[in-house]
Every structure is written in structure tokens, then in C-alpha cells.
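So the structure is just underneath, and the comments pick up after that.
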Amino acid sequence: MKYTKDHEWLRVEGDLIVVGITEHAATQLGDVVFVELPEIETMVTAGDEVVVIESVKAASDILAPVDGEIVAVNDLLSDSPGLVNEDPTGAAWFFKVKVDDLSVLDDFMDEDEYAEMIE
Amino acid sequence: MNLSRLGLHDLHQSLGGKMVPFAGYEMPVQYPTGVMKEHLHTRTAAGLFDVSHMGQIILRPRDTMQELALAFESLMPVDVAGLAEGRQRYGLLTNDTGGILDDLMFANRGDHLFVVVNAACKAADLAHLADHLAGVAEVEPLDRALLALQGPQAETALARVVPGVAAMRFMDVGIFGDLWVSRSGYTGEDGFEISLPQSKAEALARALLDMPEVLPIGLGARDSLRLEAGLCLYGHDITDRTSPVEAGLTWAIPKVRRAGGERAGGFAGEARILHELAEGPERRRVGLRPDGRAPMREGTALFDENGTPLGEVTSGGFGPSVGAPIAMGYVAAGHATPGTTIEGDVRGKRLPATICPLPFHPTTYKR
């Protein structure tokens, strides 16, 4: 698993990257009440706002960590946004993105580096 | 900006409160329980809120209570002179153009009035009161703590410490030694607000928190509770530009202060307020239920189905007891009827919402 400075986790699944938010981020957000997911087949550029998460406190954006095409989104979150708090690194993935080259992941933090960042 | 600390700051930290700046104070926005559960706990058991940031003021008449009451009535379109001893009322300080300077609670305590005002307004309120009441009253700001215990089990919990409170009804006030208790609050639930010396606040807070019914509740849940109860937040739902009539607070303006009443008019902003009472305001505060799950937050622009601007959301979020997004805002009066469908602009998308009656969650005051 790799991590971004924006508290996303990135997991490789075949030739796709699965994206979600970390336990730390989910705790900071508080109770999530709404998730707005992107359309499938959207081409995104790293830094694009692709997901909106609303907690009881405020709205936050999730940014595309890499360039690529959104090929799947987790529709479960539309009806059960609370999954983001219950299982942020498992059931509550947000989207899967197809990239040209998985080596883009080399630029991101590993678990130890992320743990150090949030200390 | 220098933030003030509450007298109970250390207690909030030891309880794991997440402290944020609010109205010049470091305040707990939530505890480890989290906003959602804190909200629901208050609706089913009892929640303890530290609202010591609010302004507490005594108005002591120089001559008679009647003279003070009438002078205070020149600042608010409400009935002060008719308030019985031991009772509290909701009041609104208005400006000359009929806008709201602050909303407050005032209590008749026999030989003086006790007033509780919003934290962000207290300096301005004190100046305003001193300016206008100096001839008839001494205006004394107090440095006391203020705790609120709210929820269906608030009476059971507080009565263990102060047995006398069980006999109080909604908006009664009573003095129990050092504790000044009112049966009121800002959640839509039955409950109490307790003013007490700073030196005694921690002991009472700990005694209440030791009870199985009581959890500490932060500002986050305070906001969602009051929104579900349809209660206004000053600076958001009411401001120095909104009138009490637009805000739907006409229940606070009794007949005696309206046209034809015994003490009609004679308050700041009388021209606009009496005009709006007679003719209806141009816009009205309404409740809104977004049709989907996306909350409509403060500032969300509102439109009719043809895209004509109607107004905007002044408070919005998710209602944990409602189980859906809820909002309040102002719309043109012709679109204020419950059942009307309008649209809100959420991140560039026009999403439907339905005007609905307030409150969103039924209130359970002990009348």
C-alpha cells in the first residue's frame, strides 16, 4: 500500500490503482454523511477534485493522486457513506483508476513514511 | 488573535475534547464520542454542554423594575413589563432599521433582570445596554460559568444534585444556592441551563459526567441539535440586516407591542417591523429538505424552477435524528409555502429541495 500527503491510500489491483482514505483521515473528518463519486470513464489529471466527502462538520475534496481513467467507483458509498468511518481501508474504497504505468506509485510514501508524517 | 480559555479548559482536554476557535474562545467542537453520537445521545439521554463563553449580564434598576422594563422594551419588540417573577423570555435587540443586533434570554428575578447573550455579541451588547439603559439601570457583566444539561434524562440527572429543579416548567428560572437554573436550552429537548461561579463549575460538571445518563457534548452537536429544532444561530440565520418578521420570530412579538396594543411600537426598528407585520415581509426564513443526500451548506444559492434567484441557505448540514440533510435559509415570500420545490446550487449542480415546516425534529419542552 502507498500513501499520499493528502491522506489517501493507493493499492494495486491488476493494472489498476484502487484509491481510498486513511483511518487517520476518516477520524479527522468525523462522521461521513454523503459521498459524491465521479462518473466512470472520466479522464483525470493528478490534483483534480474527483470525490466530495461531506461529514457532519464540513465538505472535503478527494484529489486524483495520478493521471488516468476512472474505471470503477464504489456505489456502496452513495447509500452507506458511514462505511468511510467503519472500514476506510477496506470496504470504503472510492474509485479505481487505470494508469499507463504503475511505476507512478514509486513517487508515493510507504506505510512507515506515512506513519511518520501524521505523527 | 488571542483566544480566551474557558474555566473548564483543562476538563475538556482531559475528556479528549477537540478544541477549536469559536467567538474568541477555545471551545470543544467534539469529544471522542463524535458529533453524530453526541447528538443522538442528547436526544435519548442527557448531554452536558459548556456554554460559559456566552455573556451573562445583570440589569439592576436604579429606581423601579417597571421603569427598567419599559426602557428595555425600547430596545426590543417584546414584552418585558409583563414577565412574571421567576420566568424567562426570549428577546431580540433590534437596530433602527429593524435588523437584529442579537437574540437573548432575559429573566425576571424579582429585583433585577438576568440576561444571557451570544458570545460574539457580548461586548457590543454591553455597550448598547449601557448606552441606552444607563439612566435606569446598572449594567453588570458577570464572570460566571454556564453549563447546559439537555435531553430527556436531564431532569433525572440534575435533580440528584439539585432536587428542586424537577418542579420547574419550561422557561422557569430558580435560584438554588450558588446555582441559577433555567429550564431552557438550545437543542429542542427538555433541559436546563445552569449559571454558577467559575470556582464551582468543575465540581458540578464532574458530578454530572459521572452519571450514567450524561456525556459531554461539543459545539458540533450543539449546532446540529439546534438546527433540527429550527432555532436560529445569530450571525447566520439572523443578522443586523434580517428583521424578526422575516426570520419568523413573530411569536416573540406579543399583541401588546403590535399596532393597536397597549404598548404598541416604541422599539428600535418599529417602522419596518410593524410594516412587515401588517403587510408581510419580502422574504422569509424557511426549512429546507434537500431531496437527495447531499447537504446544502450555508451560502448555497437558492433558485426557483426557472432559475430565478430566491435567496440562500443560512444554516445547513446533516440532521442525525432526521437521518437526512436539512437546512434553513431565506427565500422570496412567494416561495415560502411548505411543499414548494426549489433548487439549490451545490458545487455547480442545481439540486432539488422542498420547503418544509420548522422544526425538523419535534421539540419536547416540559410545559
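Source: prediction; values computed, not measured. Just so we're on the same page: letters track the sequence lines, and every chain starts at 1.
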Note to self: Report which part of Ala59(A) has an atom under 4.5 Å of a heavy atom belonging to chain B: side chain, backbone, both, or neither.
What the structure shows: both
Check: Side chain, backbone, both or neither: which part of Val35(A) has an atom under 4.5 Å from a heavy atom of chain B?
Finding: neither
Checklist line | Most chain B-contacting option - heavy-atom pairs closer than 4.5 Å, from Val56(A), Val33(A), Val52(A) | finding: Val33(A)
Checklist line | Heavy-atom pairs under 4.5 Å with chain A, option from Gly220(B), Ala294(B), Gly34(B), Gly317(B) with the top count | finding: Ala294(B)
Short donor-acceptor contacts under 3.5 Å linking chain A with chain B:
from: Asp31(A); atom 1: OD2; to: Met36(B); atom 2: N; distance (Å): 2.8
from: Glu36(A); atom 1: OE2; to: Lys349(B); atom 2: NZ; distance (Å): 3.4
from: Glu54(A); atom 1: OE1; to: Arg297(B); atom 2: NE; distance (Å): 2.7
from: Glu54(A); atom 1: OE1; to: Arg297(B); atom 2: NH2; distance (Å): 2.7
from: Glu54(A); atom 1: OE2; to: Arg347(B); atom 2: NH1; distance (Å): 3.0
from: Ser55(A); atom 1: O; to: Arg297(B); atom 2: NH2; distance (Å): 2.6
from: Lys57(A); atom 1: NZ; to: Gln30(B); atom 2: OE1; distance (Å): 2.7

Note to self: Counting only heavy atoms from other residues, nucleotides and ligands, does the tally under 6.0 Å from CG of Asp100(A) exceed 12?
What the structure shows: no
